[in-house]
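The structure displayed is predicted, hence computed values, not measured ones.
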Amino acid sequence: MQRPSSRLFAAAILACLLAFWHTASLAEDQPEMQLVAANTTITATVGEEDGEGLWVVTGDGTNYSVWTPEELSLDELSAFQRNFKNKEVTLAGDVYKDKFGNLNLFVKTLPK
């Protein structure tokens with residue numbers, strides 16, 4: 001039996017490295033957020049404050065992280081959380097799915 005040449009071995013290693021690099025670069029090319037639904041309305045229950053920000057849960061158990069505009073003060077966000085915790089609200093905005101599969105609702109305003 002003849003041993004493979006070092007050139008053949010080096011070519012095989014190079015091919016493996018290129019395949020790995022290509023797979024890694026494809027993962028990096030995927031967007032951080034992918035639009036799922038624009039200008040949609042969601043009716044959901046406001047969750048408890050858990051240190052991770054504002055989130056809501058729909059009747060079918062779907063969780064959404066709620067993202068608000070920067071202009072909305074922390075006091076306004078805290079007041080909304082306090083007033084609507086465990087209550088059903090209707091929110092309007094764009095739904096995005098992040099690279100981990102989580103749903104994120106970007107709203108322009110919050111109910112008062």
Side-chain angles (χ1 to χ4, degrees):
M1 186 164 154
Q2 194 176 26
R3 290 183 9 183
S5 73
S6 61
R7 286 185 182 181
L8 183 59
F9 181 72
I13 294 293
L14 181 59
C16 288
L17 288 173
L18 287 173
F20 175 76
W21 174 78
H22 179 71
T23 302
S25 70
L26 285 177
E28 290 176 4
D29 290 341
Q30 293 182 359
E32 291 288 315
M33 295 274 195
Q34 179 180 0
L35 181 64
V36 174
N39 299 317
T40 192
T41 301
I42 294 173
T43 300
T45 302
V46 176
E48 298 276 342
E49 172 58 44
D50 63 358
E52 297 296 320
L54 181 58
W55 58 276
V56 295
V57 181
T58 62
D60 68 1
T62 304
N63 288 298
Y64 294 86
S65 292
V66 179
W67 295 82
T68 57
E70 290 181 16
E71 299 82 39
L72 192 71
S73 73
L74 188 55
D75 289 336
E76 291 172 299
L77 187 57
S78 294
F80 173 82
Q81 178 73 36
R82 190 174 47 256
N83 293 334
F84 291 99
K85 178 176 60 174
N86 297 321
K87 294 180 184 173
E88 195 171 81
V89 296
T90 299
L91 301 171
D94 298 333
V95 177
Y96 287 83
K97 184 183 287 189
D98 66 23
K99 65 182 180 180
F100 303 107
N102 303 313
L103 294 173
N104 300 275
L105 176 64
F106 287 80
V107 298
K108 291 185 174 73
T109 62
L110 290 174
K112 301 252 181 215

**Report entry** Path from Leu54 to Val95 over hydrophobic side-chain contacts below 4.5 Å
**Finding:** yes

- Look at the side-chain heavy atoms of Ile, Leu, Val, Met, Phe, Trp and Tyr, link any pair under 4.5 Å apart, and say whether Leu91 and Leu35 land in one connected group. no

Checklist line | Backbone N/O of Met33 and side chain of Asp98: donor-acceptor pair under 3.5 Å | finding: no

Would you confirm whether Gln81, through its side chain, and Gly47, through its main-chain N or O, come within 3.5 Å as a donor-acceptor pair?
-> yes

Do we see a donor-acceptor contact under 3.5 Å between the side chains of Asp60 and Thr58? yes

Side-chain heavy atoms of Asp94 within contact of Asn39, under 4.5 Å: yes

Student check: side-chain heavy atoms of Thr62 and Ile42 closer than 4.5 Å: no

**Message:** Tell me whether the count of non-hydrogen atoms from other residues, nucleotides or ligands lying under 6.0 Å of CD in Gln34 goes above 12.
**Reply:** no

*Thr68 and Phe80: CA distance, side-chain angles, deciding distance, side chain to side chain contact (heavy atoms under 4.5 Å, CB included) verdict*: CA-CA 11 Å; Thr68 57; Phe80 173 82; over 6 Å; no

For Phe84 and Val46 the tightest heavy-atom approach is O-CB, 3.3 Å

Residues at least two apart in sequence or cross-chain that pass side-chain contact (heavy atoms from CB on, under 4.5 Å) with Thr43, listed by chain then number, are Glu88, Thr90

OG1 of Thr45 to NZ of Lys85, rounded to nearest 0.5 Å, is 13.5 Å

NZ of Lys97 to OH of Tyr64, rounded to nearest 0.5 Å, is 10.0 Å

Which side-chain N or O atoms in residues 104-112 pair as donor and acceptor under 3.5 Å with protein atoms at least two apart or in another chain?
unit_1, atom_1, unit_2, atom_2, d
Asn104, OD1, Trp67, NE1, 2.9
Asn104, ND2, Asn102, O, 3.2

